Amino acid sequence: MRSFTYNKADDVAAAVQEVSANQEAKFIAGGTNLLDLMKIDVMKPRHLIDITHLALKTIEETEDGGLRLGALATNADTAYNEQVEKRYPLLSHAILAGATGQLRNMATDGGNLLQRTRCYYFYDTDTPCNKREPGSGCSAIKGYNRDLAILGTSEYCIATHPSDMAVALAALEAKIRVTGPDGDRVIPIAEFHRLPGDTPHIDSNLQPNEIITAIDLPAKGFANHYTYMKLRDRASYAFALVSVAAALEMDGDTIKEARIALGGVAHKPWRLPAAEAMLSDQKATKENFRMVAEAYLEGAKGYGHNDFKIELAKRAVVRALQQALEMEVKS
Amino acid sequence: MIGNQTGKPVNRVDGRLKVTGGAKYAAEFTAPNMAYGFVVNSKIAKGKIKSIDTSKALALDGVLEVFTHENRPGYVWGDKNYQDKDSPPGSPFRPLYDNEVQFSMQPIALVVAETYELARYGAILVEVEYENYSFDTDFEKNIKQAYIPEKYKSSKPPEPWGNPDEALANAAVKIEAEYSHPSEHHNPIEMHASLAIWEEGGKLTVYDKIQGVQNSQQYIANAFGMQQEDVHVISPFVGGAFGSGLRPQYQLFLAVLAARELKRPVKVVLTRQQMFSFGHRPKTVQKFALGADTDGKLKAVQHDAFGETSKFEDYSENVVIWPGVLYNCDNVKVSHKLVALDVYTPLDMRAPGGTTGIYGLECAIDELAYKAGVDPLEFRKMNYSEKDQNEGKPFSSKELRECYRQGAEKFGWEKRSLEPRSMKEGHNLIGWGFAQGAWEATQKQAAAKAVLTTDGKLTVSCATADIGTGTYTVMSQIAAETVGLPLEDVTFKLGDSSLPKSPLQGGSWTVSSVGSAVKLVCDKVREKLLQLAQQVANSPLANATLDDVNIEDGKISLKNDPAKAVTIKEALVQSQGKSIEENVSSEPVEGQQKYSPYAHSATFVEVKVDEDLGTVKVTRVVSAIAGGRIINPKTARSQILGGVVWGIGAAMEEETVMDNNLGRFMNHDLDKYHVPVNADVHDIEVIFVEEKDDHVNPLGAKGLGEIGIVSVAPAIANAIFHATGKRVRELPITLDKLL
Ligand SMILES: Cc1cc2nc3c(=O)[nH]c(=O)nc-3n(C[C@H](O)[C@H](O)[C@H](O)COP(=O)(O)OP(=O)(O)OC[C@H]3O[C@@H](n4cnc5c(N)ncnc54)[C@H](O)[C@@H]3O)c2cc1C
Ligand code: SF4
């Protein structure tokens, strides 16, 4: 681990100023991802700005009837928040499907969005990896790629985004509030993470000098029909091979609106509104679910070890929608 | 021995120390003025180090030295000097010997600094230029070059018997199948660590993570040209090892080298990633051709194993002895070849050879039973071995039938239908599987010392280890029972090279070997005690022999008149302030060679497999064990539970994956190398059947460290077949293989 300097930021403005002044500075929140990566020399900030004392921990209602999650609310506090559990149980379940109790107590909502890929090679500085070291090559494409992406990949990188929370946020159409030197802006979750393209070292559209202050959830929470399904190599404490956040709004046995986001398959949560729309005003049948599953996986490409994900993802979409449909509607 | 201590589910005597942090592991020891070493590992799999630039690391304030092949001191570099008590035939790896790289992640430098953080930082700054050679790491590609080693590390595969080719050709029912078991790394919770303290006058004290302190002692003495007496190795607690601590690992060599050169204590602790840079369970492929008659009588077995080894040592394990141990068959032919790769030498891992061999055999037998249309358990009963066919000897005892009976009853096996895919619950297919196993119950030579002081406190010692198996507890129980003292008055000492000689702790022979020595030395103390008791004025025991008395609860009393007694304390008064001190060296019991000693297991498993998604849940396991006399049912049960849990991991999760482009194991951390978590583990029932064994050793106990794992993975694989009708012949059975 390289040595670094450290400072506690007093407020958002100071934090932004500090990070803008130093290209080698990084925010540290829960530290559950950043510190791991620093210890193995994958991330090498020279300066850490501790933001854990900023007043960004609250979870409160927004004016338009939605809910605002402070960027520094912990994953645990978010998942067990009464409002989140009642109105956005999909999000609560997704968070609880990730990591462990200890980690969720430390991990923050902002940090969760910015956690980095779990690609084997990204973690091993003795191997080529374009994301870690642009231009060095991608070891995974012709190497071991069981966990890696099947959608939206490029010849430079086939990594996935590992977050569970982000997948639920994508289905819920959350908005990310950020503050930079030029003031505040809002980034829809769909535009927050990027595809790797030829710049896989850039994970998101957040600028290096911007800070996440909150995550806004719209009023609609799909609390009656939802499922977060996470398929992985053991029953807990593993990242998703494929995950599905599914939500339905029903009118009798007709679907009014469907939301589907996939995790573990791409460099960002994978959501296709056009494909979701195929289910609007349709009957909730297995055939229709399979149809939308096929549409979601159109163009998917396997790299050998991960070929199975294509069929697995389709089956997972169908099962998740069935589960969402069949769940007992709470009054 | 009448059990007043043994046979009881006594809590671990070291339990309190462990849960309060009082138990110290190798990495936790410190010494004044201690420096820290951090290892730099090779990036390439094979080649030469063209240059190694340590200047940037050395420029850091607080970095003391960077040891490489260029500046390492000249000690004794003949490779014989690097052989240890568990070395396979060949030329052992010598850290920093020269500029040659033989495997990926080979240690190539040690950065020593005032703090751990600084040493780790320095390690990043070491710049290495390599010359790359082409390498062989692809097992499948290299299987064509498999060879019979000049010498096996394990026992030589038995010669064929009967007429296997003909019997196979004529068999009415036949199967041919190939089973593959991946490489696995040990991954104990405690990382390998050594602290070497160099003392004035050339003596050395070392705290090491090791399954046998005297192995480290001998290794250091040989490799550094020292007198064995000048090397003192201490290892009071081991946080799991599973075989990874059988051989001294490179951090030990490097810590000693640095301490000796710098004349100050040096501690080297490996990281989790570095735990993937040395020994591992070898990848093993097994080919079976089995034949039976239409009733399910086994007629022919052909079993050919191919095991991974390194290019510098011929590692082998007992993969193909199991047909001869587990089945009665007149025509058997086995072979074991090695596939040498550019990797570090494989290393014994819990039930080496058994875990792999029994997995393959028990799955192949299941296939054959199905082909013959016979219930898999019935098939085993029909082909039950009454003797070890490899050795042509009767078993010292074998209550496997009783395991079948009690296990099947507890599990409800008789309700099973033979048909695969015959049980379903919602999306889940339910399957029931069976497998049996065995593990050798050997006894090795071991020594022990006992000291009974006049206050009635007994200390027994031997240089063995407690790798979490409960050695401290079980030895204390044996000693307390033999001498007739309460458990609290007994202390057992281990993990110190100055104590009486011990074999390595491995192979499930510790209770058998060290336990027998403890029993023997305590028997001598008993004798002395009776003599002293007879010297008490008007002793009621004056004419008694050892057979006439009971020694328990601190008293020596006549069996036929217990009121006539002398307390141990009274007896000790007669020794005039002198302690009773006894030493023994115990050899395997006479006549043992006439028998084949094995522990046995029968494992019944229920799985639920999601038909669409391929996810598997092991919902129930019943494991029935015939392990001789059970000294402590609680620690014994823990061993079996651990074996079952590992079996779940082996069946469904564990695999170290080789990237053949880089020649490197790629999933080298616990995020990507999966072992079971609590959520993977459901109902486990452990049964110990009664088994009396007068031949195996004086205790009649067989050791339980390994028998618990061997039949679990095949039982799970067989249950998955029963659930799905799909035979997956390659571990781990991950969900993609069931889609
Ligand atoms: C063993 C393990 C298992 C895990 N399993 C899962 C899992 O199954 N599913 C899952 O989804 N996750 C999992 N995680 C990841 C975990 O959820 C993330 O590590 C965590 O959410 C990161 O949050 P943090 O606050 O600790 O971020 P940090 O590590 O502090 O920061 C991460 C990154 O975000 C930046 N950052 C943090 N906050 C802000 C902000 N407000 N504005 C701008 N930048 C910011 C930091 O600069 C840094 O680059 C696991 C982690 C571990 C260690
Ligand atoms: S997939 Fe991306 S992260 Fe993985 S090796 Fe390739 S470039 Fe690196």
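Order of the sequence lines sets the chain letters (A, B, ...), proteins ahead of strands, with each chain counted from 1. Just so you know, these numbers come straight off a predicted model, no measurement behind them.
At least one side-chain heavy atom of B:K672 sits less than 4.5 Å from a side-chain heavy atom of A:Y123. Using a 4.5 Å cut-off on side-chain heavy atoms (C-beta onward), A:D41 and B:R120 make no contact. Contact of the B:L662 side chain with the A:P128 side chain is registered, since non-hydrogen atoms from C-beta on lie closer than 4.5 Å. Taking 4.5 Å as the limit, every side-chain heavy atom of A:Y120 sits out of range of all side-chain heavy atoms of B:D669.
With B:D680 contributing its side chain and A:R234 its backbone, the two residues share no donor-acceptor pair below 3.5 Å. A donor-acceptor pair under 3.5 Å is absent between the side-chain atoms of A:R315 and the main chain of B:L613, judged by distance alone. Counting only distance, with no hydrogens or angles, the side chain of B:N661 and the backbone of A:K142 share a donor-acceptor pair below 3.5 Å.
Rounded to the nearest 0.5 angstrom, B:Y121 OH and A:M1 CE are separated by 12.0 Å. Note that OG1 of A:T127 is 7.0 Å distant from CZ of B:R664, once rounded to the nearest 0.5 Å. Rounded to the nearest 0.5 angstrom, A:D126 CG and B:Q273 CD are separated by 11.5 Å. Of the inter-residue distances, the one linking B:D671 atom CG with A:D147 atom CG reads 8.0 Å to the nearest 0.5 angstrom. Between atom CD of residue B:E117 and atom OG of residue A:S3 there is a gap of 11.0 Å, rounded to the nearest 0.5 Å.
The 12-atom threshold is exceeded at CD of B:E131, counting heavy atoms of other residues, nucleotides or ligands nearer than 6.0 Å. Summarising the local packing, CD of B:E140 is surrounded by more than 12 heavy atoms from other residues, nucleotides or ligands at distances under 6.0 Å. B:Y673 OH: more than 12 foreign heavy atoms inside a 6.0 Å radius. Dense packing is recorded around NZ of B:K726, with more than 12 heavy atoms of other residues, nucleotides or ligands lying under 6.0 Å away. No more than 12 heavy atoms of other residues, nucleotides or ligands sit less than 6.0 Å from atom OH of A:Y80. Heavy atoms of other residues, nucleotides or ligands lying less than 6.0 angstrom from NZ of B:K48 number more than 12. Heavy-atom neighbours of A:R46 CZ from other residues, nucleotides or ligands within 6.0 Å: at or below the threshold of 12.
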Between A:R146 and B:D736, does the salt bridge (Lys or Arg N to Asp or Glu O under 4.0 Å) criterion hold? Intermediate values first, please.
CA-CA 10 Å; A:R146 174 178 171 80; B:D736 47 302; 2.8 Å; yes

Determine, stepwise, if the pair B:E653 / A:D233 fulfils side-chain contact (heavy atoms from CB on, under 4.5 Å).
CA-CA 7 Å; B:E653 298 169 5; A:D233 277 331; 5.7 Å; no

Evaluate the criterion side-chain contact (heavy atoms from CB on, under 4.5 Å) for residue pair A:T125 and B:K43; output intermediate values, then yes/no.
CA-CA 9 Å; A:T125 52; B:K43 168 181 170 151; over 6 Å; no

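Heavy atoms of A:R319 lying under 4.5 Å from chain B belong exclusively to its side chain. Proximity to chain A is limited to the side chain of B:L125, based on heavy atoms less than 4.5 angstrom apart. There is no contact between B:E655 and chain A, counting heavy-atom distances below 4.5 Å. Neither the backbone nor the side chain of A:M38 comes within contact range of chain B; no heavy atoms are under 4.5 Å apart. Residue B:I733: no heavy atom, backbone or side chain, is found under 4.5 Å from chain A. Using a 4.5 Å cut-off between heavy atoms, A:Y237 touches chain B through its side chain atoms alone.
For the set B:I124, B:V616, B:T734, the count of heavy-atom pairs under 4.5 angstrom toward chain A peaks at B:I124. Note: B:D610 leads B:D610, B:N660, B:N41 in heavy-atom pairs under 4.5 Å with chain A. Note on B:N678, B:D612, B:V675: by heavy-atom pairs under 4.5 Å with chain A, the leading option is B:D612.
A pairwise comparison of heavy atoms in B:V677 and A:S236 identifies CG2-O, 3.6 Å as the closest pair.
Residues B:D659 and A:Y121 have side chains that bring a donor and an acceptor to within less than 3.5 angstrom of each other.
The cationic group of B:K737 does not satisfy the cation-pi geometry with A:F308, failing either the under 6.0 Å distance to the six-membered ring centre or the 45° limit from the ring axis.
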